[in-house]
**Student:** 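Sharing a structure, written as C-alpha cells. Questions coming.
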Amino acid sequence: MATRTALTGMLFAGALVVATVPVDPATAHGTAATDLQDLINAAVPGDVLTLTPGTYAGGVTVDKPLSLVGEGWPVIDGHGEGSVITVTAPDVTIEGLVIANSGNRLDREHSGITSDLSPRLRIIGNRFENVLFGMFLRHAHDAEIVGNEIGGKDLFIARRGDGIRIWQSTDVLVEGNDVANGRDSVFWFADGATVRNNHVEDGRYGLHFMYSHGAVVEGNVLERNSVGAFLMYSTDLTMTGNVFRSNRGPSGYGLGLKDVDGLTVSGNRFVENRVGLYVDNSPSKVDLYHRIESNVFAFNDIGALLGSTVARNVFTGNAFIDNVTQVASDSTGNLLDNEWSHEGVGNHWSDFAGYDADGDGIGDIAYEIDNLFMDLIGRYPEMAFFTGTPAARAVDMASQTFPSLRPEPILTDDSPLIRIPTLPMSPLAVESASRALLFLVSLGLLGAASAVMAGGRFRLSDPLGGGGAS
Amino acid sequence: MTATTQPFALPRTFEPRPVVVIARKVIREASRDRWFWLNCAGFAVLAGAITLTAVPDHNLIGSGGFGRTAASLVALVQLVVPLMALTLGARYLSGERDSGTLVFLLCHPVSRTEVLVGTYIGLAGSMFASVATGFGAAGVFSALRSASADPVLLVRLAMLSWLLSLAMLGLGLVIGSIARNASTGLGMALFAWLAVVFLGDLGVMGTVVATHMPVEALFAAVIVNPVEAFRLASVVALDGSLDALGPVGTYAFDRFGDGMAYIALGVMAAWTAGAVAAAVFTFRIGDRI
Amino acid sequence: MIRVEHLTKAYRRNTVVDDLSFSVEGGESVALWGPNGAGKTTVIRCLLGLVGYTGRIEVGGLDARVHPKATRGLIGYVPQELGFYGDLTIAETLALSGDLRGLPRSRIGEVLGAVALEAEAGKRVCELSGGMRQRLGMAVALLPDPPVLLLDEPTSSLDVGSRRRMVSLLDSLRGPGRVLVITSHRVEEVGMLVDRVLALDSGRLAHECPPGELTGRLNLESWLHVVLPEAQTADALVHLWASGFDAHENGHGVLVGVATGDKLSALNCLSEGDFDIRDFEVWR
C-alpha cells in the first residue's frame, strides 16, 4: 500500500507552507502539497494519508476509500463554513484528527463529519471542536464511531446541532465517545445499533432513538441533559448498566419510553433526575411484557412516572431510594395493570413502613402508594406547585390519620424487599474535589456564627478600666 | 457629689450608638439563653442528620445526593426557621417588658425606635449565628461523609434561610410589641407560624380544589407568603428553574425567568421592611413599658 | 427645672392623672405623696416620656414631648420595681447604662463608691439582696450625674437598716442645682428629705405644702409600727383597712397611721382581731 506523508503545516488563513518533505516515492511526483483536498484528490483508493501536526483547510470531500490518520493532532479547520469533512465513499477511516469550526447553519446541517452512502465508515479517536453537528452519517451501515470527543458550539440549545446523528444506517457501533454541549445524539432508522460506554452530558436528548430496532444500549453515562435517553417507536431494545443522572429538563426524564415494544431495562441507575423513568404507551402491543429489573431509582423528584393507561410493565428487584415521589401516574388513574412484584420478588422501597417478622427479606405486608397529595396533583396539576411544602406533608398525614380521606392505592407491591438488593453495578465516581472547599466553607460559616456571638461579649467585664464607651 | 448641669447638645431621634449597644446586649442575652441554644443545637442536629442519612451508598448512587439533601434542608428550614424567629422575636420583646428591663432601657436617653431597631439587629445577628451553625454543621458532616456538596449552594441556602428569619423576626417583634406578656406573645407567635407555614398554603390548595383558580392567581397567592418565597428562591438556587413544580412553576419560570429569584428575594425583603416598620410603629404608639 | 402644665393621662376611660400642674425649681426637693393609685408613678413616667399624655411638660427648659431623649438625658430615674438583666454583674449593668448614655467607664467607679457597692461590683444582679438592688438602681440613676433625680418609692421595699442608709444617701444628694422628686405614700419617710410635698389624690393635686404641715392637715401625727408574726401580717392589714386605718406592711409587721392622741385605737383593733402583737413603737 502506498503511503503519502504530507508534512504540510498550513498555517491559519492561507499562510505559507512551512515544510514539504516527501518521505515516500508516492509523493515524489507531487510538488508542494499545500492542500488536504489536493492530497485526497491525488491519492488512490486504499491509501493511508498520514497527517502531521499543523492546520489543514477543511471543507474537504473524501470520495474514495481512504484513511486519514493524524499523528500529533493535526487540525482540520472548517473556518466556520460548511462541513469540515464530507465522506461519500465506503470504507473510509478518519482517525486522530482535530476537526474544528464547522459552519453554523442548522438547516444545512453543517458538521464535523458528514457522510452519505458511506458503509463501514470508521471514525476513531478524533476530537471535534466547535462544530455544529459532530457527525451526521447517512447510509453508513456497519459504521464504527469509537473514542471520539465531541464538543458542540456554545449556542442556545435549540440552535445547536446534534453531537451524533445516524440516519438510515444499520449495525452501527458507537462506543466510548464523549459528547458535550450538543443538542441530541439521534438514531433514526438505525437498526441493530450498539451504543456502549459513551458519556453524553449537557445536551438536550442524551440519546434519542426513533424507529430504530434491536439496539443495545449499555454502560453509557448520560448526565445533565434535558432528557437522558428517549426511545420512541422502536422495538426490541436492551438498556443495561447505564447511568442516568441529573437530567432535569422542564419535561425531562432520565429515560423516556414512547411506543416501545420489546424492551429490557436492567441494571441501570437513575439518580437525581426530574423523573427517573417515564413510560408512555409502552409496551403498546397487548401480548408483550416489559421487564424493568434490578435498577436503582434514587433521589429523583419522581422515581418512575407512568401514563395511567400504561400496562404490562414488570417491576422486580429494583430499589426506589428517597425519591420525592417514588412512583406516580401522570393523571388520575392507578398503575395496577403493571406488576410491582414478580414471582414473589418485589422492589425495595426506602419509605416502606412495614416489617419482616419471619426474616425472609420480604415485607410481611404489602407496600402501597396511596398518597393523597399525589392524588390531588393527578386531579389538579397546579397542586404540584406545593410539592415538598409542610402543607403538602400535612395533607398526606391527614389522609394517613383519617382513612376516609385515603385515596385508592395507585400501586401495590405484595413482596416488598426489606433491603436494597445486591445489584451488579460498578462504583460511580465520587467527585471529591470540592470536599476540602466544602469543609472550609462550612468552617467559615461556623466561624462567622461565633464571630457574631462574640460581638455580644463586649468588654463589659473590665468596665473599671476607665476607657471610653465601647 | 455635686450636681452640675452640663452644656447639652440635643440628641437626634435616631443615633447609631445606642442601637449598637442594644444590639450587642441582645446578642449577649441570646448567647446566654437556653432556648436559643436548644434551637441552634436542634437545627444543627436535624441538618446534620439529613446530610448523614441522605446518601446511603456512594458506590450505588455516586457522589450526587446533595441536591436531595439540600431539598430536605429547605423543607427543614421552612418548618424550623420561622418557628425559631417568630418565637424569638415575640418572646424577646414581651420578655423584656415582663422583667422590667424594658423600663431600664427606656429611661435612658434612647428612643423607642432605637431600642426596637437595636433589638432587631441583635436578634438578626443571633439568628445568623443559629442558621450559620446549622448549615455549617451540615456542611462539615457532608464533607466528612464525602458527600460532595456545592459550597456555593450551601452558603446560598444559609443566606436565604437567614433572609427568611429576618422577615419572621420582624413579625415576631410586631407580636412582641403588641402582646400583653411573654406567654401571650408566644401563643400569638405559634399561631403566626401555623399561618405562614401551613394555613396559607392549605387555603390556596382549598381554593384550587374549589375554583380551579388560574395559574397566575395561584402563583401570586403563594409568592406573597414569605415562607413560600424562601422555598421558591431555594428551588431556583438548587435546580436553576421551577420546572419541578408543575404547570404553575413552569408558568412562573417562563414568565419571570431569572427574575423569579429576585421576586422571591423582593417578597422576603418587603416582608422584612414592612414588619420592622410595623414593629417600630406599634412599639412607638404603645404606652406599655 | 421642671414645669408641668395641665398634665392629663388616661388609660382607656380611666383617667389616672387629671389636669395636674406644678413646677419644681432648681435645687428644690419635692415629694409626690398620695395613696396607691393616686397617679404618682404615672406622673414620673410622663416626665420621662415613657408614656403619651396631654398637657405640657418642660424639663430644663426643654419640651419633654418634643425632645424626649434630651429630657431623659437630664434625668436619673430609680423605678419602684427595678428591672435589671439578671446575669449581668453590677459593673456590667453600669457599663451598659453608661454606654447607652455615652459616658466614660471611669464614672462607674465613682458611683459605685457613692452607693457603697465597690466590693460587690463583680456580683451578678440576680444574686443581690433587695437593698443592694436598690443601691444599684441609685447607682444607675447617678451615673450621668443628672440635674434631676426621679425616685419612685425608693424606700418601700427596704428593711429598716437599708431604709435608714437610703434616706441618708438621698439626703446627701440634695444640693444646689439638683432637683429631687420622690414619690412615696408614707410622708414620714420622705418628710425630712423634701422642701415641699405635693399631695395627689385621684390624679389631682389635692394640696401643696411643706412636709411639716402635711401630717397636721391629714390629722396624722404618728405612725405606729406593730411587730406581728409574719403569717398574720396580711390578715392584719385587711383587718386594719376594714376598720378605716391607713396601714402598710413593713418589715416584721405593719405600719399604721394614727391620729394624735388616738394611738391606742389601732392596737385595740388588732388585739380585738386576735392578732399576736409582739411589740410596737411609735415613729414620727
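Just so it is clear, the values below take in all heavy atoms, side chains as well, and ignore hydrogens, waters and symmetry mates. Note on naming: letters A, B, ... go to the chains in the order of the sequence lines (proteins, then strands), and numbering restarts at 1 for each one. As the structure is a computational prediction, the values presented were derived from the model and not from experiment.
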**Student:** Sort B:Leu232 into side chain, backbone, both or neither according to what part of it lies under 4.5 angstrom from a heavy atom of chain A.
**Tutor:** side chain
**Student:** I'd like to know which of A:Val275, A:Ile377, A:Ile302, A:Thr387 tops the heavy-atom pair count under 4.5 Å against chain B.
**Tutor:** A:Thr387
**Student:** Given a strict heavy-atom distance threshold of 4.5 Å, which part of B:Glu29 is in contact with chain A: side chain, backbone, both, or neither?
**Tutor:** neither
**Student:** What distance do B:Tyr251 atom OH and A:Glu382 atom CD have between them, rounded to the nearest 0.5 Å?
**Tutor:**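 Nearest 0.5 Å value for the OH-CD distance: 13.0 Å.
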**Student:** For a quick test of reading the model, state the closest non-hydrogen atom pair linking B:Ala143 to A:Leu438 and the distance between them.
**Tutor:** N-CD2, 3.7 Å
**Student:** Is B:Val208 close to A:Phe385 at the side-chain level, that is, under 4.5 Å between some pair of heavy atoms?
**Tutor:** no
**Student:** Using non-hydrogen atoms only, which part of A:Val395 is less than 4.5 Å away from chain B: side chain, backbone, both, or neither?
**Tutor:**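 Contact with chain B: side chain only.
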**Student:** What pair of heavy atoms forms the shortest contact from B:Ala75 to A:Gly388, and how long is it?
**Tutor:**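 So the minimum-distance heavy-atom pair works out to CB-O, 4.2 Å.
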**Student:** Give, as side chain, backbone, both or neither, the part of B:Val235 having an atom under 4.5 angstrom from any heavy atom of chain A.
**Tutor:** neither
**Student:** Return the minimal non-hydrogen interatomic distance between A:Met453 and B:Ala129, and the atom names on each side.
**Tutor:**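 Looks like SD-CB, 3.4 Å.
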**Student:** Which one, B:Gly246, B:Gly136, B:Gly139, leads in non-hydrogen pairs under 4.5 Å with chain A?
**Tutor:**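 Among B:Gly246, B:Gly136, B:Gly139, the one with the most close pairs to chain A is B:Gly136.
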**Student:** Among A:Arg379, A:Arg274, A:Arg248, which residue forms the greatest number of heavy-atom pairs with chain B at distances under 4.5 Å?
**Tutor:** A:Arg248
**Student:** If you count heavy-atom pairs within less than 4.5 Å of chain A, which of B:Leu199, B:Val26, B:Leu245, B:Val204 leads?
**Tutor:**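 With the most close heavy-atom pairs to chain A, the winner is B:Leu245.
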**Student:** In terms of heavy-atom proximity below 4.5 Å to chain A, should B:Thr133 be classed as side chain, backbone, both, or neither?
**Tutor:**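 Contact with chain A is through both the backbone and side chain of B:Thr133.
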**Student:** Side chains of B:Met205 and A:Phe373: does their closest heavy-atom pair fall under 4.5 Å?
**Tutor:**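 Yes. Closest side-chain heavy atoms under 4.5 Å.
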**Student:** Looking at A:Val441, A:Thr389, A:Asp301, A:Leu376, which has the largest count of heavy-atom pairs under 4.5 Å with chain B?
**Tutor:** A:Thr389
**Student:** Could you report the tightest heavy-atom contact between A:Leu446 and B:Val140, atom names first, then the distance?
**Tutor:** CD1-CG2, 4.1 Å
**Student:** With only heavy atoms counted, which part of B:Val215 is less than 4.5 Å from chain A, the side chain, the backbone, both or neither?
**Tutor:** side chain
**Student:** Quick check for you: to the nearest 0.5 Å, what is the distance between B:Phe128 atom CZ and A:Leu445 atom CG?
**Tutor:** 6.5 Å
